[in-house]
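Atom set for the values below is all heavy atoms of this structure, side chains included, hydrogens, waters and symmetry mates excluded.
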Amino acid sequence: MTELKIQHLITLTELLSKGAKNNYVSITTSTLGKRIGKSQQAASKHLLELESGGFILRLAIGKKVSVKLSQKGFEKISEIYNVLKNSLETVPPTIDVDGKLVTGMGEGKYYMSLKGYTKQFSKKIGYIPFPGTLNIELEKKEQIESLRQLTNLEGIKIDGFSDGKRTYGWVKCFSCRINDKIDAEIILLERTHHDLSTIEIISKSEIRKKLGLKNGANVAIRVSI
């Protein structure tokens with residue numbers, strides 16, 4: 001074996017967690033199998049393959065077997081760790097999407113003006129939004145799917161409320177930047193007529209007017225997550 005496979009990396013990581021960098025550690029293949037989610041036979045095969053590839057050293061003491069990472073094994077797993085660490089640290093904490101400006105249903109102006117919302121907006125995002133939402137229709141499926149992860153994130157939550165006559169759902173806000181010129185928030189609503197192919201955006205200013213946008217204009221949005 002000249003190349004490590006995923007299952008070998010998992011086995012090496014488990015051995016490393018047991019102290020096998022500097023010490024021989026005693027471990028049974030049945031225990032190892034349980035720890036890595038494999039059968040005893042698979043764990044035994046992993047150890048044989050790792051030993052054959054020079055990634056671990058095995059030492060038999062009576063009926064017991066102890067194992068230790070070789071210098072080659074430790075260097076290899078360190079190399080992979082550094083690649084993963086660098087990759088994870090350079091992942092931009094943003095989602096980039098673009099779409100066409102469309103006319104909304106006119107509900108945004110009404111809802112964004114309700115005191116139950118405006119008081120919370122002022123406190124939680126630092127301003128009372130311009131009454132109305134900017135509606136952007138996304139056309140690329142991969143961008144719609146990328147945005148779907150927002151549904152599992154907390155964002156800044158504006159709680160739902162009741163005015164005694166009806167109840168209003170929560171709103172989740174995610175900071176974004178429009179055409180790299182205006183700071184705004186994408187909002188997800190508990191109750192909405194839109195799916196994620198149409199997103200709604202609020203800002204302290206009237207984005208359409210400030211950027212001179214008309215229906216059909218392309219709008220680029222960078223969402224912070």
Side-chain angles (χ1 to χ4, degrees), residues 1-99 138-157 170 172-177 186 188 190 195-199 220-225:
M1 182 186 71
T2 57
E3 293 296 329
L4 287 173
K5 298 179 180 179
I6 293 296
Q7 59 263 34
H8 297 126
L9 290 173
I10 294 172
T11 300
L12 278 178
T13 302
E14 176 61 24
L15 294 175
L16 193 61
S17 73
K18 296 297 182 184
K21 175 183 182 293
N22 298 312
N23 301 286
Y24 280 89
V25 296
S26 179
I27 190 166
T28 66
T29 51
S30 59
T31 299
L32 177 60
K34 290 179 181 178
R35 296 287 298 180
I36 65 174
K38 299 291 183 181
S39 66
Q40 182 270 331
Q41 292 82 2
S44 180
K45 183 181 179 183
H46 290 181
L47 291 179
L48 288 172
E49 291 171 339
L50 287 167
E51 183 182 27
S52 174
F55 296 103
I56 65 169
L57 304 171
R58 293 211 296 175
L59 185 63
I61 304 174
K63 294 183 178 180
K64 294 183 178 181
V65 175
S66 295
V67 295
K68 175 184 177 298
L69 269 66
S70 66
Q71 185 63 27
K72 177 182 177 181
F74 181 72
E75 288 177 354
K76 190 64 177 178
I77 203 167
S78 296
E79 175 189 329
I80 293 169
Y81 165 77
N82 287 327
V83 170
L84 289 171
K85 182 173 182 290
N86 290 336
S87 296
L88 290 170
E89 288 178 347
T90 56
V91 172
T94 59
I95 302 172
D96 293 310
V97 299
D98 62 87
L138 306 181
E139 299 175 343
K140 300 173 184 176
K141 185 176 180 180
E142 63 270 24
Q143 293 186 355
I144 296 171
E145 290 305 311
S146 293
L147 273 183
R148 199 172 300 282
Q149 63 190 293
L150 295 182
T151 61
N152 297 318
L153 300 177
E154 291 185 5
I156 296 176
K157 190 173 183 181
W170 51 255
K172 288 201 296 186
C173 304
F174 296 90
S175 296
C176 66
R177 192 159 175 81
I186 280 184
L188 297 186
E190 183 178 11
D195 59 20
L196 285 175
S197 64
T198 300
I199 56 177
I221 305 137
R222 171 161 287 181
V223 190
S224 299
I225 58 174

Got a sec, which residues hit salt bridge (charged side-chain N to carboxylate O under 4.0 Å, His left out) with [X], two or more places apart in sequence or on another chain?
X      : result
Lys141 : none
Arg177 : Asp180, Asp183
Glu142 : none

Quick check: do [X] and [Y] have side-chain heavy atoms less than 4.5 Å from each other?
X      : Y      : result
Thr13  : Ile36  : no
Leu47  : Leu32  : yes
Lys76  : Phe55  : yes
Leu138 : Leu147 : yes
Lys140 : Val97  : no
Leu57  : Glu51  : no
Glu49  : Lys5   : no
Glu75  : Ser78  : no

Among residues at least two apart in sequence or on other chains, which ones pass side chain to side chain donor-acceptor pair (under 3.5 Å) with [X]?
X      : answer
Thr29  : Gln40
Ser70  : none
Glu154 : none
Gln7   : none

Steps toward side-chain contact (heavy atoms from CB on, under 4.5 Å) verdict (Ile27, Leu15): CA-CA 9 Å; Ile27 190 166; Leu15 294 175; 4.3 Å; yes
Please check: side-chain N/O of [X] versus main-chain N/O of [Y], any donor-acceptor pairing under 3.5 Å?
X      : Y      : result
Glu139 : Gly99  : no
Asp195 : Ser197 : yes
Ser87  : Val83  : yes

Using side chain to side chain contact (heavy atoms under 4.5 Å, CB included) as the criterion, list what pairs up with [X], not counting sequence neighbours.
X      : result
Lys34  : none
Lys157 : Asp159, Trp170, Lys172
Thr151 : Arg148, Leu188, Leu196
Leu153 : Leu150, Phe174, Ile225

Chi angles and distances behind the side-chain contact (heavy atoms from CB on, under 4.5 Å) call for Asp98, Ile221: CA-CA 6 Å; Asp98 62 87; Ile221 305 137; over 6 Å; no
Positive for side-chain contact (heavy atoms from CB on, under 4.5 Å) with Leu50, one of Leu69, Leu4, Val67: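 For Leu50, the side-chain contact (heavy atoms from CB on, under 4.5 Å) check succeeds only for Leu4.
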Minimum-distance pair of heavy atoms, taken over all atoms of Glu14 and Ser17: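 Between these two residues, the closest heavy atoms are O-OG, 2.6 Å.
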Nearest-0.5 Å distance, NE2 of residue His8 to CD1 of residue Ile77: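 Going from NE2 on His8 over to CD1 on Ile77, the span is 12.5 Å.
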Separation between OG of Ser175 and CZ of Arg222, rounded to the nearest 0.5 Å: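 Taking OG in Ser175 and CZ in Arg222, the distance rounds to 14.0 Å.
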Ile6 atom CD1, over 12 foreign heavy atoms within 6.0 Å: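 No, the 6.0 Å shell around CD1 holds no more than 12 heavy atoms from other groups.
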Lys68 atom NZ, over 12 foreign heavy atoms within 6.0 Å: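 More than 12 heavy atoms, drawn from other residues, nucleotides or ligands, come within 6.0 Å of this atom.
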From CA spacing to verdict: side-chain contact (heavy atoms from CB on, under 4.5 Å), Arg35, Thr11: CA-CA 9 Å; Arg35 296 287 298 180; Thr11 300; over 6 Å; no
